Structure formats: C-alpha cells, structure tokens
Amino acid sequence: MTALPGGAPRFTTARAVTVAVILAALCAALAILALGLGAVPTPARSVLAALLGGGDDLTRQLVLDLRVPRVVVALLCGAMFAASGTVMQGVIRNPLASPDLVGVGAGAGLAATVFLLAWPAAPPGGLPWAALAGAWGGFGLVLLLAQERGGRLHPVRLALVGVAVAAALGAAQQLVLVRAPDGLGSALTFLTGTVYGADSLRAARLLPWALILLPAAWALHRTLDILNLGEDLATSLGTRVNPARLLALGVGVALAGAAVTGAGILGFVGLLAPHLARLLVGARHARALPVSMLLGAALVLAADTLGRTLLPPLEVPAGLLTTLVGAPYFLYLLRKTP
Amino acid sequence: MTDPAHPPAPLSTRDLRLGYGQNVIIPDLNLSIPAGQVTSIIGPNGCGKSTLLRALARLLPPGSGQVLLDGQALHTLPGREIARRLAILPQGPVAPEGLSVEELVWFGRHPHQGRFPVRRPGDREAVEWALDQTGMRVFAGRVLDDLSGGQRQRAWIAMSLAQQTDILLLDEPTTYLDPAHQLEVLHLAQRLNREQGKTVVMVLHDLNQAARYSDHLIALRGGEIYAHGPAAGVLTHDMLRDVFGLKAHLLADPDTGCPHVIPYALTR
C-alpha cells in the first residue's frame, strides 16, 4: 500500500497492534498477580509453574481449580461489557449508550434473579437465556420511553431514561433478593456486580457465549463503521439499515446479557472502554473493538484485584470500583453532549 | 433506437407522492432528470426540494408512485446496486470522531465490495482518483475534525465519488461554506459533469449559482413544478414573483449570458 502524503495518519493499524499487544501483556500480568492472591499467597514464579503444568499438587489445585475461574470470569465479563458498549455506541450513534445505561444490564439482572429463584433446579445453561430475554425487555422499555415523535432518540434523553429504568429494575431485583428464602438470596449476590465466588461452573457457562459473541461482534466491524455514519449515508452506501441495526444490536444485547450472568452489572465498563479505545486507536471498529475488549478485560481484572487487596480480608466488589471510575467520566460526557 | 441527442432520463418520477405521515409535501410529481447534465432544484424553504432529492435517492420511501432509475423502479433494486449507480451526499453529514479523510473515502467502495471485503487494485484506484478530483490527496491522512468546513465537504464529496456512480446527488452542498469554498464545490460539480459525463442533481439556495452552474433548473412551488428547463427560461420575473415572492432585476451574466438575479423588493 503506497503511503499517501498529508502527514502521517494519526491512527494506523501498526499503532492498534502495538496498543493491543501492550493491553494483552497488561491482562497477562494482572492475571498472574491475581492468581497469586488469596489466603495462601502464591509467588508469581509458582503461579507460572502451575499454569505450565509444573509445581506441587496443592499449588496447582489452588491456582487452576480455585483461582483461574475467577480470573477467567473477570476477563470475559470485562471484554463482553466493553464489546457490548462499543457495538451500542456505534449503532445508536450516541456516546452515552452503554449496556448499563440503556436498561440492558438491569433487565438481564432482574430476569436472571427471578429465573434462579423461581426455578432453582433449572439446568445451568438456562440462565443466560433468561438474562438475554430480560436484557431485551429492559432495552425495549428504555427505547419505548426515550423515543420522541418520529422515532428520534436524543442522546441525553436516552441516558436519563436509561438511568431511571435501570434504577427501577435494580430496585425490583433487590426486592426480589430481599424476599428470597435464606441462603438462596445470598447465593445470588454475584448478580450485583462482583466476580467474588466465581467458580468453574460459572466460567464454563460464560465461555461458549463469549467464544461466539466476541468474534461475532468483530465480524460486524464494517457494518458498524457504516452505521456509524448515520442512517442516510448508510442507506446511500447500499446498506439495509434496519436489518443491519437489528443484527448488531442483537449481538450487543446478547453480549451484555451473558456478561451479567457472570458477574452482574460491572458499572460503566461498557461506557468507559469504548471511549478509551477510540481515543487510543480511532473510530474504525476493526481496531476499536478488539482494543475495547482488552481494555474492558484489564479494567475489570484490575478492579477485582485491587478490590481484594484494599481491605483484606474484606473484598470490595469489582463493579463498585469500576463505577467509582466510570461515574465521573459519565458526568463529563453528559456535560460535553449538546 | 434512442435518439443520441436526447438519451433517456437516468432518473425520473411517476405520479410521485411524498410526505411525512399525514403531512403531504409533494402531492403528485412527474419529473425527468436529463442525462449527462447538471440539474439544480430551486424553490423557497419548505417547497419540497430536499424531500424530492431524498426520494430520488431512496432515502425517503414514496407515499405512492415511483422513482425510476434507468427505467427500473427504485424500490425493487437492491441497495448495493443502487449505490453503484447513484450516490447522494445528504445535508450536513457528521463523521465519527477521529476518522481520517482516506478512511472516509474508502467507505465509498463499500457497495463494490463483497461480504468479505478484499481491497482490489480497482478499489484503491477509485479512492485515489476521488482524492485527486477533490484535491484532497494532500489531506488524506488528516482527521476530519481538524479540517476546515470546505475541506470537510470536499472529503465527503470524495467519498461519494469513490462510489463511481453515473449519477451524483448533492443536497445543499454549499450551505455553511464561505464564498470561495462554495465556488470550489460548484466548480467541482461542473468539472465532474463536463469531464466524466456524470449526471449531477443539486439542491441550491443561491439562484445565481444555480443559473451559472446548471444546464437545467427545476423551480418547485408547494411541491409542484412551476417551471423547468435552461436557466434563461426559468429565471423570469413571473417565476421570481410566484415562487419566491420577489421583485428583481434580471441582468445578463457577462460570461454566460445567463440571467443574473438582483432582488430588490418583496411582493407580499
């Protein structure tokens, strides 16, 4: 490819690759750190040895069976929320769109809670489907309430309605949890935004969704680029806008719905990661999507690891820390939005 | 046999009715856009200029009637095929933050690429040609947010050009541009028509620009065609009074002999 003059482009593929490699290394370093944390701290050298199949049986069991699932859930949920937010911001063309701000997260959380309480003996694979239904329910409610005449969605109006609906659905979820029989309720605390207690069952439940949906989101990168130009231009470039939107939103909503069944709502990850990704590698989704996923993964794992080291033996939920970082950024975006 | 002096209209409408919900903007329109010419649609605010242009480019579905592209009903054609034959630049397009000019122009190749886009040499040639035509090659790597209004408008036109269509529709392409940048855009439209034989249709507000840079004018009033044809026959005292509510001097443009309008009073 011949280089065109006019100054070096600000965002290049080489730059995106560099950023992605750095972020992947960061995720790996955080993972090794997190895998060493616990009542019995494990030095990084032993963690690596256990991961590579060496070390003593006790360490291997500790690291592989007990700690790896939590790290996997943190990484996957972070990546999925981030991908969901990137897709939604691209389709809705709204910088404030993100799964937890358009009712998707709260709808999924409420549906998952009700599903587990109403049907304790349900097969574990059923939970994400219930969450998915709830995610669409919450999303549909927000779209319905935020829509103005002519189907337009004002960014700030969407965010306001989204916050209100999320608060209401969240309260309903709390109510259901409070009224739940003893023991059952506390077993569902994972739906409130924490990776605490993530076991191999939860990781295994999440994995197929992530393995299908994360690549599916990336495969839509060109569609997202075109939709991001707006309805008129997307149409004039030959895209059938409504089916394309529905497909992309379907993937975005499913990503968030599945992620909720892993760790509940990890506040603002889906808002923060896409914005940071675009600042780093530009607006093209082929680059922004993978970088956003890596950012989300790193963010959640960092939040969880920090939450475990801040006030031992207490654990600060990861979702609480991401919210502490994300909420000010949300307020900043609100001020910036016309 | 088609008469070579009068090739069939590439774009026409048949009993076209347009509106938004109950609000009818254009009740019943039959129109032919002449091939290989620059056509400008003029008329007061709210007369349906932009509505018509949007319908010609299938951005607005007709209430009834049809838009015909080379004689085929527009709504029966696949979107991508239309996009290979007709490009439209809507009013005031907004680009995602951080997008470079070259990346934007590449989007124009979208209708030519398959499901799994492989950048063929022809695609790159089309992009470079579009950048050259608009004088944007020197800005190829620049981010759109950093450009002036005129440069940005040329970048958008370059994207439409990269579609390599025979028909180019421009909705108020000069709005918000200073006079020099307005001329730049109009010269570009004219050159594309003269050198590439493109059929260009524009919505313009400035009557003198419309007169000077178009072969064919369509004056709309209340969703109906009041007059159409070469500028000399359309820009008349009667038309200015009936369509725009203006009294004006009509002088001859010293270069083209076209009418030049100097409004001096309102008729209402």
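Labels below follow one simple rule: chain letters A, B, ... track the order of the sequence lines, proteins then strands, and each chain is numbered from 1. What you are looking at is a predicted structure, and each value in this text was computed from that prediction instead of being measured.
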Which bit of [X] is near chain A, if near means a heavy-atom gap under 4.5 Å: side chain, backbone, both or neither?
{"X": "B:D171", "result": "neither"}
{"X": "B:L104", "result": "side chain"}
{"X": "B:R84", "result": "neither"}
{"X": "B:I82", "result": "neither"}
{"X": "B:V94", "result": "both"}

query = Counting a contact as any heavy-atom pair under 4.5 Å apart, which residues of residues 211-220 of chain A contact chain B?
reply = none
Just checking [X]: does its [atom1] atom have more than 12 heavy atoms from other residues, nucleotides or ligands closer to it than 6.0 angstrom?
{"X": "A:Y332", "atom1": "OH", "result": "no"}
{"X": "A:Y329", "atom1": "OH", "result": "yes"}
{"X": "B:R191", "atom1": "CZ", "result": "yes"}

ask   = Among A:L233, A:L237, A:T235, which has the most heavy-atom pairs under 4.5 Å with chain B?
value = A:L237
[atom2] on [Y] to [atom1] on [X], rounded to 0.5 Å:
{"X": "A:N228", "Y": "B:F107", "atom1": "CG", "atom2": "CZ", "answer": "8.0 Å"}
{"X": "B:Q113", "Y": "A:R222", "atom1": "CD", "atom2": "CZ", "answer": "5.0 Å"}
{"X": "A:S236", "Y": "B:M159", "atom1": "OG", "atom2": "CE", "answer": "5.5 Å"}

ask   = Who wins among B:A95, B:P90, B:S160, B:P93 for the most heavy-atom pairs under 4.5 Å with chain A?
value = B:P90
message = Sort by residue number and list every residue of residues 65-79 of chain B having at least one heavy atom under 4.5 Å from chain A.
response = B:G79
query = Quick one: does B:W156's side chain get under 4.5 Å of A:L229's, heavy atoms only?
reply = yes
message = Are A:D232 and B:R54 packed together at the side-chain level, in the sense that at least one heavy-atom pair is separated by less than 4.5 angstrom?
response = yes
request  = In plain terms, say whether B:E103 and A:R284 are close enough for a salt bridge, that is, a side-chain N and a carboxylate O under 4.0 Å apart.
outcome  = yes
query = Which atom pair, heavy atoms only, marks the closest approach of B:E97 to A:A283?
reply = O-CB, 3.0 Å
